[in-house]
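These notes concern the structure reproduced below.
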Amino acid sequence: MYKLNFNFLNRYGDMLIDGMKTTLLIVFGCLIIGFLLGTVLALCRQSHNKLIKGTATIFVDILRNTPFLVQLFFFYYGLPVLGIQTGPIPTAIIALGINTSAQNCEIIRSGLMAVKKEYYECAAALGYGKVQTLQLFVLPIAFRLAFKSLVNNFINLVLTSSVCFSITVVETMGAAKIIVGRTSRPFEIYLLILLCYCIFTYIISFLAKLVDKKIHIVL
Amino acid sequence: MSFYDYANLTGNDAMQFLRAAGVTLYITIVSLLIGSILGIALGIVRCSKNKAVSALPLILIEPLRNSPLVTQLFLIYYGLPMVSSIMLDPYPAAILAISLNTAAFMAVLVHNSISAVPQGQWEAGLALGHSSASTFIHVIARQAFRLLIPQAITLYISQLQCSSLVALIGIMDLTKLGQNLALRTLKPFMIYGIVFLIYYILSSPLSKLARDLEKKLSFNY
Amino acid sequence: MYIQRTTNDNYESLIHDITGKVGKEMAMIEVKNVTKSFGTLTVLKNFNVEFNQEGVTVLLGPSGTGKSTLLRCINGLETVDEGDILVNGRSVKEKKNLRDIRLDCGMVFQRTVLFPHLNVMQNLTMSPVKLLKMDKAKAEEKAIYYLKKVGLESKAKALHNELSGGEQQRIAIARALMMNPKALLLDEITSALDPEMTSEVLKILENLAAEGVCMLCVTHEMQFAKHAASRIIFMDKGSMEADVTAEEFFSTVRKENERIAKFLNFIGE
């Protein structure tokens, strides 16, 4: 009978913690990019200008229908060809941020579509301009409606970020892989970080529920 | 053979793309089949009235849904041989990992779909003289199925893309081939353009189908 | 003519604004030869009318005769095909005027929406604070004044889904009043409500009318027209059939004009 042995934590615990910090860095970087770019893309897809709408639609469609790993390699090998030299972590943040923005776009767009004509008219009749209407009413309503799905996307983002080790980013999974190479304890290590990811996503879900209670709206 | 010949794509590479696309499809389809069947079974167990029974599948579902598929894959491929005598080749390991992952998500979809069928439908079925089992099969399951299909297709699309992770345990699927060729030819844009295109061709009809079905099959209670 | 909005004054003086006479030398709203079509359907034909800032004007007429469209054109929510509408001398055709026109004409719709992410108080105070740069404390004070006026001061913290349809309309009226409009445009604001709620909304309107608030209403409520209206405009098929005082309308005109008699009979008046 195999005996589980977690002694490697004494020696490599710090490495794992550093990996988790990198994961957090990537994840929150992507959260911001994904949210902002996702909102812009969603607004572009609602645009009356056919060129803007078409470009955004194709962009989102491609990103949603191709694997993230391939997109990651594309940026990793592609950016240097374009003369952009960045480290693996910025590359990972760019690639994952863009990928997330495409997923967020669809969610925010369905939120935007739920904001009916009456709200726009009401705001217009009160004297608000287009930008103010968007900023004060349409987007806040759309984000609140989309909140739960956006959180799901964020959890997805956390899980997907584990793929970034394949372009040499030493995040949680990357650190795990290095530790496996040095200790030959793959089962314990992968099991451990599997549980870490679980705990992290549960924390996010829990916090999201608290926030959702505060901002939940009914149309 | 000059360097430029080496850097160019040949007819052989085209064949390799086809073969790699086949590998991707093979792994995806087999995993989705196994995963769907297992997921439906788990989902039905989740609907049990007995709380202990219905909670049982959560032990499997929750860790699988809340951790990265790569980690699951590596745990099965690298970890499992350490603790048991089970030593899986890359293909079975990949299929096992994606199947289990699919099953976990599928179980939740099935559970949600069945729960979404209003209680009144049960009562109507029983009132018409059906047994519980017969009500479930003829009344509930059919309606739940209609709710399930578009969501299941969305899951399948996502799992098709997740199948790219098998490249990380050395299986020569589209992603791995793309990486190899990109390194060989040093033309990442062209190679990844082709890889994107093939994935897109495999995935976008499913996306469109999901969208259409969602419109067609949705009904209001 | 540009009417400077004073935001530093206390709200009482601002409230006075809505009942005061503005621009005696010209009508506040001038509708000149307006034609408006939706596709092949012409809803307003060469329509001419003037409104001064006084009393309650009720627009009557069968459905689909352009009453609502007229209000929406005045507020710039629909563009006019031909002709022009001037609100305090500003043309609705100029996009840059729309903001001022909309501040002059507060509008309440049949299906009004309160913003769902804001409570009643925030719904009321947001516009004066954001658009008139009013002090927040002052805006809240003013909001309480108007909430009392519509009888809902206890609901200041409520969200829209905690209010009945009638209460929502009353809040919407208060929200429009918060902006010190020169006139209120009311577009069938009771037609989506139950009779009970209708009467509570109409009562508020009658109170406001008694205080001298200028209103332009599209409504099918004859009792309200009888009690509160000073002027009645009857429209049919996009043109004006009658433009008379309420007394004349319900005494002489209804006997003389066949169409109006028919309409009034039809709606059981």
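Proteins come first, then strands; the chains are lettered A, B, ... in the order of their sequence lines, and each starts at number 1. Everything numeric here is computed off the predicted structure, so don't read it as measured data.
- Of the atoms belonging to A:Q71, heavy atoms from both backbone and side chain fall under 4.5 Å from chain B.
- Looking at heavy atoms from C-beta onward, B:Y199 lies in side-chain contact with A:V70 at the 4.5 angstrom threshold.
- In terms of heavy-atom pairs under 4.5 angstrom with chain B, the leader among A:I193, A:L194, A:L195 is A:L194.
- The aromatic ring centroids of A:F75 and B:Y192 lie 6.0 Å or more from each other.
- Put simply, of B:S203, B:A167, B:P188, B:P68, the one with the most heavy-atom pairs under 4.5 Å next to chain A is B:P68.
- For chain B, the option among A:C196, A:S184, A:S162, A:P80 with the highest count of heavy-atom pairs below 4.5 Å is A:S162.
- With a threshold of 4.5 angstrom between heavy atoms, B:L75 approaches chain A through its backbone and through its side chain.
- Distance check: A:L4 CG to B:M82 CE gives 11.5 Å after rounding to the nearest 0.5 Å.
- With contacts defined as side-chain heavy-atom distances shorter than 4.5 Å, the pair B:F74/A:V180 does not qualify.
- No other option in A:Y76, A:F73, A:F165 has as many heavy-atom pairs under 4.5 Å with chain B as A:F73.
- A:Y202 touches chain B through its side chain: at least one heavy atom from C-beta onward sits under 4.5 Å away, while N, CA, C and O do not.
- Scanning all heavy atoms of the two residues, the minimum distance from B:S207 to A:N65 falls at OG-OD1, 2.7 Å.
- Contact of B:V83 with chain A is made through backbone and side chain together, with heavy-atom distances under 4.5 Å.
- Of the inter-residue distances, the one linking A:Y77 atom OH with B:L183 atom CG reads 4.5 Å to the nearest 0.5 angstrom.
- The OG atom of A:S205 sits 6.5 Å away from the CG atom of B:N66 when rounded to the nearest 0.5 Å.
- The shortest heavy-atom contact between B:Y78 and A:P186 is O-CG, 3.3 Å.
- When all heavy atoms are compared, the tightest approach of B:Y200 to A:T66 is N-CG2, 4.4 Å.
- B:Q72 and A:Y190 share no side-chain donor-acceptor pair at under 3.5 Å.
- Other residues, nucleotides and ligands contribute only 12 or fewer heavy atoms inside 6.0 Å of the CE atom of B:M87.
- Closest non-hydrogen pair, B:S164 versus A:L69, comes out as O-CD2, 3.3 Å.
- In this structure, chain B has heavy atoms under 4.5 Å from both the backbone and the side chain of A:D61.
- Taking CZ of A:F200 as the start and OG of B:S67 as the end, the distance is 14.0 Å to the nearest 0.5 Å.
- Interface remark: B:I201 contributes no atoms to any contact with chain A (heavy atom separation under 4.5 Å).
- Remark: aromatic rings of B:F189 and A:F74 are close, center separation under 6.0 Å.
- Smallest separation of non-hydrogen atoms from B:Q161 and A:R64: NE2-O, 2.8 Å.
- Contact detail for A:L159 and B:R65: the closest heavy-atom pair is CD1-O, 3.5 Å.
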